[in-house]
Amino acid sequence: MTFADTAYADVRDAVRTLCAGFPAKYHREIDARRGYPEAFVDALTKAGWMAALIPHEYGGSGLGLAEASVIMEEINRAGANAGACHGQMYNMGTLLRHGSAAQKQRYLPKIASGELRLQAMGVTEPDTGSDTTRIKTTAVREGDRYVVNGQKVWISRVRHSDLMILLTRTTPLAEVKKKSEGLSVFIVDLRDAIGKGMTVRPIPNMVNHETSELFFENLEISAENMIGQEGQGFRYILDGLNAERTLIAAECIGDGRWFIDKVTRYAGERVVFGRPIGQNQGVQFPIAEAHVEVEAADLMRWKACRLFDAHEPCGAEANMAKYLAAKASWEAANACIQFHGGFGFASEYDVERKFRETRLYQVAPISTNLILAYVAEHVLGLPRSF
Ligand SMILES: Cc1cc2nc3c(=O)[nH]c(=O)nc-3n(C[C@H](O)[C@H](O)[C@H](O)COP(=O)(O)OP(=O)(O)OC[C@H]3O[C@@H](n4cnc5c(N)ncnc54)[C@H](O)[C@@H]3O)c2cc1C
C-alpha cells in the first residue's frame, strides 16, 4: 500500500466509482468518432467534482489543489482523459484568487451548480508561441468597454464552455518597463462573444482534444469583466499556470499508473517461447524503471500541491512536477506499447489511445524545454537565454 493509494482515500474511491460507470469502451468509441464525453463530464459535474475548488460559500466543496489533483489523477488512471474537463479546475484559480467579490458572486454559484462551465483559457498565439509576454491580441479601452482584436491558437474546450479566461495586451510592449507588465485578463462570456466579434475555427489534431483557433475582430467586453488590475494580468495567469502544471502532473501520474498496471498484467499473461514475456528481464526492467519514475514524480506533485494550497511560491515545484510526471508517463507509455507487441496498436486495447493522449504533455501546456529553461534561469540563476 503506497501513499498514492491512501492519500485522500474518500475522494479517490468516489471518483473511481464514478469512472467505473464509464468503461474503456465508452472512451474508445468517443475517440473513434472524435466526439466529446458529454455524459462523463455531466456526471462529474453533477457529483460536484468540477466544483471541487469553489469555496462552500459559493456552493462548491471548498477543497484544495491536492484533492483536485486526486480527481484528475483518478480520471486518467481509470482510462479516461481529464483533458476534456481539467480546464475548469485550473481556470478557477485566476477567478478565485484575483476576481472581485462581484465577479465571484456572479459566476461561482452558477459554475458550482453546473449551469455555467469555465473550461477555456486563451493565452497561446500563432505568432508568439511560448513567448507569452509578446502576445499581440490587444484590448483597448473605449468608455465602459474594451475592444479586443487579435488571434489565439490551440484554445481548448471553447465549444464546451460558457466562459473563457482571456489574456490580452492593454499597454503596448514598447511602453512598459518590464515585458510582463501591460497584460490584462478578462472573463469572456462565450455565449455573447461568438459571432459578435469572435470566431472559432476547430483544429483537428492527433489526440481527441477539442481545441480551436480564435479570431477577434472588435470584440467588445465590458470593463466589469476585467479580472484584477489592468496591466497585472500576467501575474494572475502565472498563478493559474502553477495550478495547471500541478494538475497535469497528477494526470500524467494517473496515465503512468494505468500504463504500468496494463503492461504488468499483459506481461504476466502473454506466453511466448514457453514462458510469460514478463519473466524476461529485458521486459521487466523498462516497466520497473517507469514505475520508479512515476513514484518519484508523485513526490514532487505532492510538494507542489502543499505549497500551492499554503499560498506559498510553488513555480519551481509545479514546473518540476509537470516535467517529471510527463516524462515518467511517456516512459510508461513506451514500455506499455512495446510489450503489447502488435496488440499495442489495436484500438480495442486502448494503449494506442492513451499513448497519443499522454504524448501531448511533453509539449503542452508548457514544453519540456521551456521548463528546463525556467529551472536553469530562475531556480539555478544561470544567464537568461530569452
Ligand atoms: C492539444 C493542445 C491543446 C492546447 N490547449 C491550450 C489552451 O487551452 N490554451 C492555450 O492558451 N494554449 C493551449 N495550447 C498551446 C500550448 O500551450 C502550446 O502549444 C505550447 O505552450 C507550446 O507553444 P507552441 O506550440 O507555440 O510552440 P513554440 O513556442 O513554437 O515552440 C516549439 C518548440 O520549440 C521549443 N522552443 C521554443 N523556444 C525555445 C527556447 N528558447 N529554448 C529551447 N526550446 C525552445 C519548444 O520547447 C517547442 O518544443 C494547447 C496545445 C495543444 C497542442
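Side-chain atoms are counted along with the backbone in the values below, which use heavy atoms only and exclude waters and symmetry mates. Counting starts at 1 for both ligands and their atoms, following the listed order. We number each residue from 1, following the sequence as shown.
Close approach to Gly129 involves these atoms of ligand 1, each under 4.0 Å from a residue heavy atom: 26 (O), 29 (O). Below 4.0 Å from some heavy atom of Ala364 lie the following atoms of ligand 1, by number and element: 16 (C), 51 (C).
Residue Ile155 places a heavy atom under 4.0 Å from ligand 1.
Across Ile371, Val158, Leu214, Leu370, heavy-atom proximity to atom 40 (C) of ligand 1 is greatest for Leu370. The residue from Ile366, Asn369, Leu360 that puts a heavy atom closest to atom 2 (C) of ligand 1 is Leu360. Considering Pro365, Ser130, Ser212 only, the shortest heavy-atom separation from atom 27 (O) of ligand 1 involves Ser130. Here atom 20 (C) of ligand 1 lies nearest to Val363 when heavy atoms of Val153, Leu372, Val363 are compared.
Note that the CD atom of Glu348 and the CZ atom of Phe343 stand 8.5 Å from one another [nearest 0.5 Å]. Interatomic distance, Glu142 CD to Asn218 CG, rounded to the nearest 0.5 Å: 8.0 Å.
Nearest protein heavy-atom neighbour of atom 19 (O) of ligand 1: Trp154 CD1, 4.2 Å. When hydrogens are left out, the protein atom nearest atom 9 (N) of ligand 1 is Met121 O, 2.9 Å; that is the closest non-hydrogen contact. Scanning the protein heavy atoms around atom 41 (N) of ligand 1, the nearest turns out to be Phe386 CD2, 3.6 Å. Considering only non-hydrogen protein atoms, atom 49 (O) of ligand 1 sits nearest to Ser367 CB, 4.1 Å. In terms of protein heavy atoms, atom 10 (C) of ligand 1 is closest to Thr124 OG1, 3.3 Å. Considering only non-hydrogen protein atoms, atom 3 (C) of ligand 1 sits nearest to Ser156 OG, 3.3 Å.
The presence of a protein heavy atom under 4.0 Å from atom 30 (O) of ligand 1 is ruled out. Closer than 4.0 Å to atom 23 (O) of ligand 1 lies at least one heavy atom of the protein. For atom 51 (C) of ligand 1, the nearest protein heavy atom lies under 4.0 Å away.
Here the options are Asn76, Asn334, Thr358, the test is side-chain hydrogen bond (donor to acceptor under 3.5 Å, both in side chains), and the partner is Ser329; only Thr358 passes.
Between Glu210 and Arg157, none of the side-chain N atoms (NZ, or NE/NH1/NH2) sits under 4.0 Å from a carboxylate O, so this pair counts as no salt bridge. Under a 4.0 Å N-O distance rule, the pair Arg301/Asp298 qualifies as a salt bridge. A salt bridge does not link Arg33 to Glu29: none of the charged side-chain nitrogens sits closer than 4.0 Å to a carboxylate oxygen. Under the 4.0 Å criterion applied to side-chain N and carboxylate O atoms, Arg34 and Asp31 are assigned as salt-bridge partners. Taking a cutoff of 4.0 Å between a charged side-chain nitrogen and a carboxylate oxygen, Lys177 and Glu181 do not qualify as a salt bridge. Between Glu331 and Lys327 there is no salt bridge, since none of the side-chain N atoms of the basic residue sits less than 4.0 Å from a carboxylate O of the acidic one.
If you check the side chains of Glu73 and Tyr8, you find no donor sitting under 3.5 Å from an acceptor. A side-chain donor from one of Arg275 and Asn280 sits under 3.5 Å from a side-chain acceptor of the other.
Annotation: Val123 places an N or O atom under 3.5 Å from an N or O atom of ligand 1; distance criterion only.
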